[in-house]
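The block underneath contains the structure these notes are about, expressed in structure tokens.
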Amino acid sequence: MRSITLLIKTTCIGLMLIPATIFSQENNFRNYTQELQGTDLKFDMIAIQGGEFMMGSPVTEAGRHEDEGPQHKVQISPFWMSKFEVTWDLYEPFVYKNQETRISKTALSQEVDALTRPTKPYVDMTWGMGKEGFPAIGMTQYSAIQFCKWLYTRTGEFYRLPTEAEWEYACRAGTAGPYSFGKSENINEYAWYKLNSDNKTHPVGSKKPNPWGLYDMHGNVTEWTIDQYVANLYSKRSTGLSKDPFIPTETLYPHSVRGGSYEDEVKDLRSASRRGSDPQWKVIDPQIPKSNWWLTGGTFVGIRLVRPLIKPSKEEIEAYFNIEPIPDF
Amino acid sequence: MNLYLISKNIPMNNKNNELNERRDFIKTSAILTGGALLSSIPLAGAYASGSDTIKIALIGCGSRGTGAAFQALSTKFNLKLVAMADAFPDKLEKSHKSLLAKFGAEKISVPEDKKFTGFDGYKSAMEDADVVLLCTPPGFRPVHFAEAVKQNKQIFMEKPVATDSPGIRSVLATAEEAKRKKLNVVVGLQRHYQKNYRELIKRVHQGELGDIISGQVYWNSGGVWVNPRQPNQTEMEYQMRNWYYFNWLCGDHIVEQHVHNIDVANWVKNKYPVSAYGAGGRFLRTGKDYGEIFDNHSIEFVYDDGTVISSQCRHFTGGANRVDESFQGTKGKIFLDSSNRGKIWDHKGKVLVNYEGKNDANPYQTEHDELFAAITANQYKFADAENAAKSTMTAIMGRYASYSGDVIKWDDALNSNINLMPDRLAWDALPKILPNFDGTYPHAIPGVTKVI
């Protein structure tokens with residue numbers, strides 16, 4: 001356990017180190033579409049310029065929780081973020097190798113063939129809410145990270161989960177209020193949430209995007225971040241400038257998810273709103289040990305991808321991915 | 001980097017062990033009604049004899065059996081696990097390790113000589129227990145259930161309860177014996193212990209939808225685990241390790257998995273179908289790792305009043321999934337699924353009931369909460385075995401229909417003498433189903449295969 005923790009911590013520290021010179025990469029820093037060679041699968045990535053923002057919410061913000069303060073200044077290095085939440089179209093070929101083989105025009109590489117895949121879920125993890133074009137849901141954070149490894153193995157590019165800070169920076173997209181779309185009255189144009197979702201997920205990108213072109217940052221599914229969730233985190237942060245902050249994993253619960261979901265109230269979709277993962281999300285898993293891969297009750301959790309502008313070394317990337325799941329029962 | 005600012009004292013979440021609230025007693029087909037419920041009946045089991053600790057034995061220590069033991073030990077009652085049995089020592093040890101880590105040596109009191117492996121260990125493992133948890137692959141259930149009732153044990157057993165007709169007839173006979181002995185029997189058709197199903201089906205039985213005249217039930221998902229053959233395995237060990245794909249152990253997924261939804265149809269109709277007709281096959285999940293079972297079945301079940309319930313189950317990746325049940329009545333329609341949801345509409349589409357049980361109790365826990373509450377109170381309250389046998393039979397009848405291509409009648413299906421179980425259970429014995437020269441297995445061919 002200890003060695004796993006240390007590995008993760010060391011890895012994450014390594015990943016976040018940003019070289020001083022990034023000129024060559026910045027020349028190519030624009031939106032792009034990532035294709036998965038030999039298949040029809042692809043996804044869009046939006047270039048997010050680096051910058052500074054105020055993380056957290058002011059005490060005056062309606063619906064605010066204590067864990068959103070105090071506000072503090074954070075500096076974020078440039079990265080790409082997926083335009084949409086990851087859909088089942090992309091996630092299912094990772095879960096089922098036979099499905100990946102079936103949709104591939106060429107044989108799977110030895111590396112892809114050898115990857116560790118999720119256990120096949122006994123229940124229907126879409127819960128009948130929809131598959132094609134709908135956000136993938138119910139995966140554990142470990143599973144989400146292994147999905148990124150699958151993408152890395154297929155594409156050679158380093159995809160990972162966002163940090164809480166990157167997520168909030170991208171969600172705000174330069175705005176300082178509770179929502180990137182201004183007043184909560186506008187919500188029906190921008191987000192799926194409790195009162196308009198009919199209690200289910202919806203196809204990604206079926207509402208309007210935020211100012212930086214990212215869809216469904218508010219609502220639809222709440223999105224995994226890298227960070228361990230620490231309620232009183234902000235009060236411990238520097239009053240000066242925090243640069244690319246994040247909290248490495250020490251325990252299986254709680255990890256931070258952001259953005260709220262189709263089953264949340266409007267206030268829980270705010271840019272600053274934070275939530276920790278909970279063992280309750282697995283409570284209806286009838287098996288022991290409980291799955292390392294699936295949240296049988298986590299029908300509202302999904303994935304947003306990030307790719308840092310500066311690619312870490314191969315060793316750092318492999319150390320990030322090659323983690324053991326923390327046992328859960 | 002500002003990692004140095006982060007406290008090491010990250011709060012742990014400790015909600016996970018909260019006991020579920022005791023559910024109100026709701027009458028369903030799963031629970032005895034009227035005069036059968038007598039709180040003062042002395043129980044046949046050893047529990048009545050003085051000790052306030054209920055001793056349980058786990059028969060079948062896979063991940064589901066281990067889960068069932070976790071749930072039993074997570075009830076508010078004073079339980080102790082005293083014996084375990086599994087065909088495989090490694091499965092038993094893994095299970096024991098998890099249980100010990102979670103509940104400690106006082107509650108997990110299973111010395112080495114109370115760990116029983118091989119095919120016959122179940123008998124000895126039951127001896128010291130008041131309550132037994134029967135969680136092996138379903139092919140063994142008829143024999144284990146019979147032994148448990150013979151030994152006067154209270155019983156939790158997983159679904160399905162058999163894989164062939166002789167097995168069903170055995171379970172039906174044992175169910176009668178269990179009733180005669182007033183032994184509580186809870187079966188893990190956990191929708192019977194889930195509030196949305198209980199509440200909304202109660203409304204159906206009260207006539208809110210009029211007469212139910214049609215329905216659709218589904219388990220369309222991506223399929224389950226597979227354990228490929230390993231070197232040095234005997235044929236028996238291989239089939240036991242990869243049991244999902246062999247009918248004598250599993251019954252095919254229409255039985256092992258889809259029985260849940262078929263059982264809901266029977267529950268809503270409050271009866272069992274008189275015939276089945278349909279189709280099925282092996283389309284995508286072929287190859288030597290996948291034994292003999294089909295990857296899809298599409299069956300129409302006909303009831304004596306002419307009601308047709310259509311049933312689909314498939315193990316396909318890709319495409320749209322659904323695992324749920326819908327029924328249409330003369331006055332309205334209903335939708336149910338296992339994520340604690342349910343909806344009732346009138347025929348104009350107006351929503352009459354929109355049940356959202358987001359925080360409802362976990363039904364896998366509720367079935368143990370209610371069983372052990374009854375046992376602790378010396379009550380005879382649960383006789384789930386007969387319905388479980390008949391719903392399992394319904395699913396087997398569906399398999400007979402897809403395997404044979406014929407119209408299968410209930411009485412013929414129930415009386416079939418085709419026995420799938422091996423003549424002898426031992427690691428060096430041969431199951432009846434054996435591989436072809438290329439390692440694949442023969443499977444049913446509609447129009448050729450005989451099921452009756």
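Hydrogens, waters and symmetry mates are skipped; everything else that's a heavy atom, side chains included, is used. Here is how names work: the chains are called A, B, and so on, in the same order as the sequence lines, proteins then strands, and each is numbered from 1.
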#### Entry: Which portion of Asn321(B) sits near chain A, non-hydrogen atoms under 4.5 angstrom
both
### Task
Name the member of Asn220(B), Thr66(B), Asp324(B) that forms the most heavy-atom pairs with chain A at distances under 4.5 Å.
Thr66(B)
### Summary
Honestly, the part of Lys97(B) sitting under 4.5 Å from a heavy atom of chain A is neither
### Message
Could you check whether Asp40(A) pairs with Lys105(A) (Lys NZ or Arg NE/NH1/NH2 to Asp/Glu carboxylate O, under 4.0 Å)?
### Response
yes
### Query
Using non-hydrogen atoms only, which part of Arg341(B) is less than 4.5 Å away from chain A: side chain, backbone, both, or neither?
side chain
#### Entry: Non-neighbouring partners of Glu367(B) that pass salt bridge (charged side-chain N to carboxylate O under 4.0 Å, His left out), sequence neighbours left out
Arg64(B)
### Task
Heavy-atom pairs under 4.5 Å with chain A are the metric here; pick the option from Ser221(B), Gly65(B), Gly223(B), Ala68(B) that has the most.
Gly223(B)
### Query
Have Ser256(A) and Glu164(A) got a donor and an acceptor in their side chains that come within less than 3.5 Å?
yes
## Note on the structure
When the 4.5 angstrom heavy-atom criterion is applied to Leu99(B) and chain A, the contacting part is neither
### Query
Can you find a pair of side-chain heavy atoms, one from Val259(B) and one from Leu189(B), that are under 4.5 Å apart?
yes
### Task
Could you tell me which portion of Thr299(A) (side chain, backbone, both or neither) has an atom closer than 4.5 angstrom to a non-hydrogen atom of chain B?
side chain
### Query
Side chain, backbone, both or neither: which part of Gln194(B) has a non-hydrogen atom closer than 4.5 Å to chain A?
neither
### Query
In terms of heavy-atom pairs under 4.5 Å with chain A, which of Phe316(B), Trp219(B), Trp225(B) leads?
Trp219(B)
### Query
Using non-hydrogen atoms only, which part of Phe300(A) is less than 4.5 Å away from chain B: side chain, backbone, both, or neither?
side chain
### Top contributor to chain A contacts, counting heavy-atom pairs under 4.5 Å, from His315(B), Arg285(B), Gln190(B), Glu356(B)
Glu356(B)
### Task
Count the heavy-atom pairs under 4.5 Å between each of Val224(B), Val226(B), Asn354(B) and chain A, then report the option with the highest count.
Val224(B)
### Query
Salt bridge between Lys131(A) and Glu92(A), side-chain N to carboxylate O under 4.0 Å?
yes
### Message
So, using salt bridge (charged side-chain N to carboxylate O under 4.0 Å, His left out) as the criterion, who are the partners of Lys120(A) when residues are at least two apart?
### Response
none
### When Gly319(B), Gly67(B), Ser63(B) are compared by non-hydrogen pairs under 4.5 Å with chain A, the top option
Ser63(B)
### Query
Given a strict heavy-atom distance threshold of 4.5 Å, which part of Glu132(A) is in contact with chain B: side chain, backbone, both, or neither?
neither
### Message
Just verifying a value: how many Å separate Tyr229(A) OH and His255(A) NE2, rounded to the nearest 0.5 Å?
### Response
13.5 Å
### Task
Answer whether the closest heavy-atom distance between the side chains of Val204(A) and Phe134(A) falls below 4.5 Å.
no
### Task
For residues Phe70(B) and Phe103(B), establish whether the separation of their ring centroids is below 6.0 Å.
yes
### Ionic contact status for Lys200(A) with Glu263(A), cut-off 4.0 Å
no
### Query
With a 4.5 angstrom heavy-atom cut-off, which part of Gln257(B) approaches chain A: side chain, backbone, both or neither?
both
